[in-house]
Structures are given as C-alpha cells and as structure tokens.
Amino acid sequence: MRTVDTFVDARALGSGCVGLVPTMGYFHEGHISLVEAARRECDTVTVSLFVNPLQFAPTEDLESYPRDLDRDAEMVEVAGTDVLFAPQLSEMYPDEPLTTVSVASVTEGMEGGMRPGHFDGVATVVAKLFAGITPDRAYFGRKDAQQLVTVRRMTTDLSFPTAIIGAPIVREQDGLALSSRNIYLDPAEREAARSISRGILAVADAVLVGERSGEELERIAAEPVNDEPGINLDYATFVDQDTASPLAGLNRPAFLSVAARVGRTRLLDNVHIDRVDGGWVPDVGIRLDEPSILYREA
Ligand code: PAF
C-alpha cells in the first residue's frame, strides 16, 4: 500500500477500475467492509482519509473527532487497500472555497434539518474526491442513509461517471450500529444507546409480518428510545430511498431513520426496506460476533 497526500499522486496510482472508499478515518468493521467490497470489484482500491471541516458546524466535534493515521493505515492495508490518500487541509482546500456543492430537496429533512450546511460540506468534499481521483466506483455505508441519497443525486446531477455502491450497516454484538463516535460512550450511555437498534430491529420485524403504515413504523422505532432514560430522540422518520421525502406507507423502496442524542454523542441508525422478488425485505445489516476493532489499540 502507498500512502500519499496529493490528488496528483493518488490519481497516478490508480489503474484499471478504480474503487474509492471515502472516509474520515478511525476505522471500524463498517469501513473495512467497504474496502473489502471495493477489493472484490475493482483493480485499484483507494481509501481517502480526511476529516472534512466543511461538514462540521462550529458547535460540533471537529477538534475532538478521533484521529490515528498509523492505526488506520495498518487496518486498511490488511484489508487490501492499494492507495491511502490522506491529504492535509491545504491540499483539499488550498483557499477558502468559493465554489461549493449544494444538493436541494433531499437534504431538507432529518440530518439536513438538524445540521444546516452539513450536506453542503459532504457534497463538496465528495465532488472534489470524484474530480481529483476519478474513481469508477465509490463505496458508502447505508448507515448514513441521507448522505447516500445526497451523494447519489449529486453524482447524477453533476454527471460524474462514478457508480455509487451502498453497503449494509455493520452492528456491534449488542446491535448498536458501528460508528467511530461509539468510542465516546460511557457504559451507561452505551446501555441507553441500545434502545436505538431495538427500535430499528422491531421495525424490520413489523415489516416482515405485514406492517405498511409509515406512521406506525415511526412509532415502533421511537418507542424504545422514548422509554429509555438518558437518551433523547431527535427523529424517527420513514422516507423514500430516492428522494428522502416522507412516505405515508410502504409502497416504494424506503428507509426508516432514527437519530438520537446520548450525552454529547449523536447517533444514527436506520433500516432500508427493499423490493425483492415482489416482496418487502428489510436490510438491518450484519452483526459482529466479537468486540469491534474500534476498541483495539494500534
Ligand atoms: O461518511 C463520511 O465518513 C463522510 O461524510 C465522507 C463521505 C467521507 C465525507 O467527508
């Protein structure tokens, strides 16, 4: 694996079908599953690692966001990465950007509503990665469901010739969706956080036994979080997979997204519901059978 910090070098090292895994680092099995998918499908696997200030509000955790380049480099090399692109701020944003990317409509509710400007930051940095690395395929986790909708729409609107691949959520042993921010949770917060995946898994079960009402699915997702002390629900929202707009009922591919705050940590989870062979199939992702590498030292 080569670690480089310029777009020119990252692009020069790509040959054949180039698969890009955009990340902000502090890797866990969710990131590794994206690298492994890219390894199976591409000739060159490039992982970008950049904690993007443009997508953090001044009140958010940009300064404290976990960073450990040596740990991360070792993990993605083992997973089959060819190129680790870890640019400095001056490479990504040589000047205060006068050109940014803003994706309307799909960014209005849920995370977009709660974090104004967040998706402009995401769309801008992903557009820069696509322009600078020219990947054939790019891999994103389904956990950040609204981000995936936004990136798909931006890619279509700006005619990037990059196929967008959404990969299943990876969950810890107790069901909590993996996030680099899970390391912030103390034991009591961790216990409270489990209520999120309890709600999500209950939604999947309800879909399997025929529940189709958006309102009822939102109620099922919200209930365990609302019943749990020490966690505050931001939203439980049932939306269209393509437009991220609210759906009254399950009549198109959809996802139900939950966001909640535990202490100073905001957590997201969701279940995508796909049309498979004429039926509705919930995708709750995969569950680890041992503690996550998130808690392992380099
Ligand atoms: O999902 C993330 O880690 C980030 O939002 C991304 C896509 C790498 C853009 O900074």
Side-chain angles (χ1 to χ4, degrees), residues 7 10 19-35 37-38 45-57 60-69 72 75-76 79 81 83-89 91-93 97 100-103 106-107 110-112 114-133 135 137-155 158 160 162-170 177-184 244 255 257 259 265-270 285 294:
F7 277 113
L20 173 67
V21 181
T23 81
M24 297 204 302
Y26 217 77
F27 296 139
H28 51 63
E29 287 84 348
H31 300 105
I32 300 302
S33 74
L34 301 179
V35 174
V45 177
T46 300
V47 173
S48 66
L49 193 171
F50 179 68
V51 182
N52 174 34
L54 231 58
Q55 68 190 76
F56 289 78
E60 293 179 348
D61 57 345
L62 173 63
E63 294 310 322
S64 60
Y65 197 83
R67 293 166 170 89
D68 189 335
L69 182 59
D72 284 349
M75 283 183 189
V76 283
T81 300
V83 183
L84 177 60
F85 172 51
Q88 298 295 317
L89 187 66
E91 174 71 6
M92 190 61 82
Y93 300 115
T100 56
V101 180
S102 184
V103 185
V106 300
T107 59
M110 298 182 291
E111 286 310 278
M114 309 233 38
R115 304 178 67 187
H118 168 68
F119 286 120
D120 292 357
V122 171
T124 301
V125 81
V126 173
K128 288 173 69 73
L129 289 167
F130 285 6
I133 294 179
R137 300 167 75 79
Y139 296 79
F140 296 84
R142 271 189 150 184
K143 181 176 148 297
D144 293 306
Q146 194 178 9
Q147 168 171 286
L148 186 56
V149 177
T150 304
V151 167
R152 281 193 200 285
R153 189 59 199 239
M154 183 273 291
T155 303
L158 298 183
F160 282 113
T162 303
I164 306 300
I165 318 298
I169 292 175
V170 182
L178 270 169
S179 160
S180 304
R181 291 185 169 106
N182 290 358
I183 61 164
Y184 296 153
F255 62 85
S257 210
T265 309
R266 246 180 121 252
L267 298 171
L268 304 182
D269 200 348
N270 69 74
L294 200 52

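Numbering starts at 1 and runs along the sequence shown. Read the numbers this way: they start at 1 and go in the same order the structure lists the ligands and their atoms.
- With ligand atoms numbered from 1 in the order given, ligand 1 contributes 9 (C), 10 (O) to contacts under 4.0 Å with heavy atoms of Val125.
- Looking at Thr23, Val21, Asn52, Val51 and measuring to atom 8 (C) of ligand 1, the nearest heavy atom belongs to Thr23.
- Scored by the ring pair (Phe, Tyr, Trp, His ring centres under 6.0 Å) test, Phe130 finds Phe160 as partners (sequence neighbours excluded).
- Using a cut-off of 4.0 Å between Lys/Arg side-chain N and Asp/Glu carboxylate O, Asp72 and Arg67 are scored as not salt-bridged.
- Nearest residue to atom 2 (C) of ligand 1 from Lys128, His31, Met92, Gln147 is Gln147 (criterion: closest heavy atom).
- Taking the ring centroids of Phe7 and Phe85, they lie under the 6.0 Å cut-off.
- Partners of Arg152 under the salt bridge (charged side-chain N to carboxylate O under 4.0 Å, His left out) rule, at least two apart in sequence or in another chain, do not exist in this structure.
- For atom 9 (C) of ligand 1, the closest non-hydrogen atom of the protein is Gln55 OE1, 3.3 Å.
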